[in-house]
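Have a look at the structure below before the remarks.
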Amino acid sequence: MLVIDRLSLDYGGREVIKDLSVVLHSGQKVAILGASGAGKSTLLAHIHRQLKDTAALCAQSQGLVENLSLYHNIYMGALGRHHGLYNLANLLWPFKAPLAEVNALCRTLELEMSPSTLVSRLSGGQRQRVAIGRALYQHQPIFLGDEPVSALDPAMADRIIRHITASHATVVMVLHNRHQALTHFDRILGLKKGQLVLDADASALTLADLDAFYGDVEKDDVVKC
Ligand SMILES: Nc1ncnc2c1ncn2[C@@H]1O[C@H](COP(=O)(O)OP(=O)(O)OP(=O)(O)O)[C@@H](O)[C@H]1O
């Protein structure tokens with residue numbers, strides 16, 4: 001699906017991804033772990049640039065429009081599927097079919113408020129689910145998520161990840177939760193200071209392995225300080 005060969009990326013000359021090579025396969029569910037600042041979002045954004053015609057990105061920044069409703073924010077996922085005039089008319093007078101689809105999606109995402117609720121009135125976890133809804137509504141075969149469930153309680157996060165993985169052939173998700181990574185994903189990549197230091201089948205790893213991975217990262221950071 002995507003071959004990344006000796007990738008280096010920098011911000012203003014500061015290298016944050018260093019000589020990274022990895023092959024991502026269609027049909028895989030891949031979790032990316034790593035300490036804050038390791039380069040996970042930068043790598044995911046690169047993957048999205050390469051796959052943007054077939055992948056929906058749920059970014060950490062969300063990009064929700066505060067003064068629009070939950071319905072309109074989720075509907076934005078479908079803008080590319082429709083003519084501009086249809087989109088404009090739907091903005092003013094929501095059509096029945098997309099409204100029913102978005103309502104169904106809201107039920108799946110456990111968003112129980114009216115679809116006309118303004119996004120500015122939602123909690124952090126509700127906003128995350130709207131952003132996930134918008135990405136799901138793109139109906140792409142690949143879902144890319146950057147900590148998309150970090151604000152949800154663990155049980156709800158499990159249900160939402162289960163829905164995302166069931167509805168997409170391929171998922172690449174940045175996470176901090178080791179349990180979620182082991183439970184829902186086939187393969188785990190670990191980044192440390194812009195380098196790939198872990199690439200293994202989730203079935204071959206344990207929570208203790210991932211604790212050790214984070215422990216090493218933290219120890220190194222302490223030493224560096
Ligand atoms: N727009 C930017 N301009 C300059 N530096 C940036 C920018 N975005 C990220 N960085 C830097 O690049 C490095 C990697 O950032 P990135 O967001 O990819 O890390 P991350 O692993 O996703 O972190 P987190 O878990 O905190 O989200 C960090 O040192 C960060 O400060």
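Both ligands and their constituent atoms are indexed starting at 1 by order of listing. By convention here, the first residue in the shown sequence is residue 1. Every value quoted in this text rests on a predicted model; they were computed, and no experiment measured them.
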Under 4.5 Å between any side-chain heavy atoms of [X] and [Y], yes or no?
X: L189; Y: L24; value: yes
X: T165; Y: F143; value: no
X: H46; Y: L9; value: yes

Item to check | Electrostatic pair D201-R187, nearest N-O below 4.0 angstrom | outcome: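 Salt bridge: no.
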Heavy atom of the protein closest to [atom] (residue, atom name, distance):
atom: atom 1 (N) of ligand 1; result: Y11 CE2, 3.8 Å
atom: atom 27 (O) of ligand 1; result: Q60 NE2, 3.3 Å
atom: atom 21 (O) of ligand 1; result: K40 NZ, 2.7 Å
atom: atom 26 (O) of ligand 1; result: S36 OG, 2.5 Å
atom: atom 18 (O) of ligand 1; result: T42 OG1, 2.5 Å
atom: atom 17 (O) of ligand 1; result: S41 CB, 3.6 Å
atom: atom 19 (O) of ligand 1; result: G39 N, 3.3 Å
atom: atom 14 (C) of ligand 1; result: G37 O, 3.5 Å

Next on the checklist: Tell me if the CZ atom of R81 is crowded by more than 12 foreign heavy atoms within 6.0 Å.
Outcome noted: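 Yes, the 6.0 Å shell around CZ holds more than 12 heavy atoms from other groups.
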Checklist entry - Is the number of heavy atoms from other residues, nucleotides or ligands within 6.0 Å of CG (N67) greater than 12? => result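 No, not enclosed.
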Item to check | Under 3.5 Å: N/O of G34 near N/O of ligand 1 | outcome: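 In fact, backbone or side chain, G34 has no N or O that close.
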Item to check | V16 N/O to ligand 1 N/O under 3.5 Å | outcome: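 There is no such contact.
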Checklist entry - In terms of ring plane angle, is the pair H82 and Y75 parallel, tilted or perpendicular, where the classes change at 30° and 60°? => result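 The rings of H82 and Y75 lie parallel, inter-plane angle below 30°.
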Can you list the atoms of ligand 1 that are under 4.0 Å from a heavy atom of [X]?
X: E147; result: 25 (O), 27 (O)
X: H176; result: 25 (O)
X: R14; result: 11 (C), 12 (O), 28 (C), 29 (O), 30 (C), 31 (O)

Checklist entry - Can you tell me if K40 uses its side chain to pair, donor with acceptor, with the backbone of A35 under 3.5 Å? => result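 Answer holds: yes.
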Checklist entry - Can a non-hydrogen atom of A35 be found less than 4.0 Å from any atom of ligand 1? => result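 For ligand 1, residue contact (heavy atoms, under 4.0 Å) with A35 is present.
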Item to check | Where T206 and L182 come nearest, the two heavy atoms and their spacing | outcome: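 Minimum heavy-atom contact is C-CD1, 3.6 Å.
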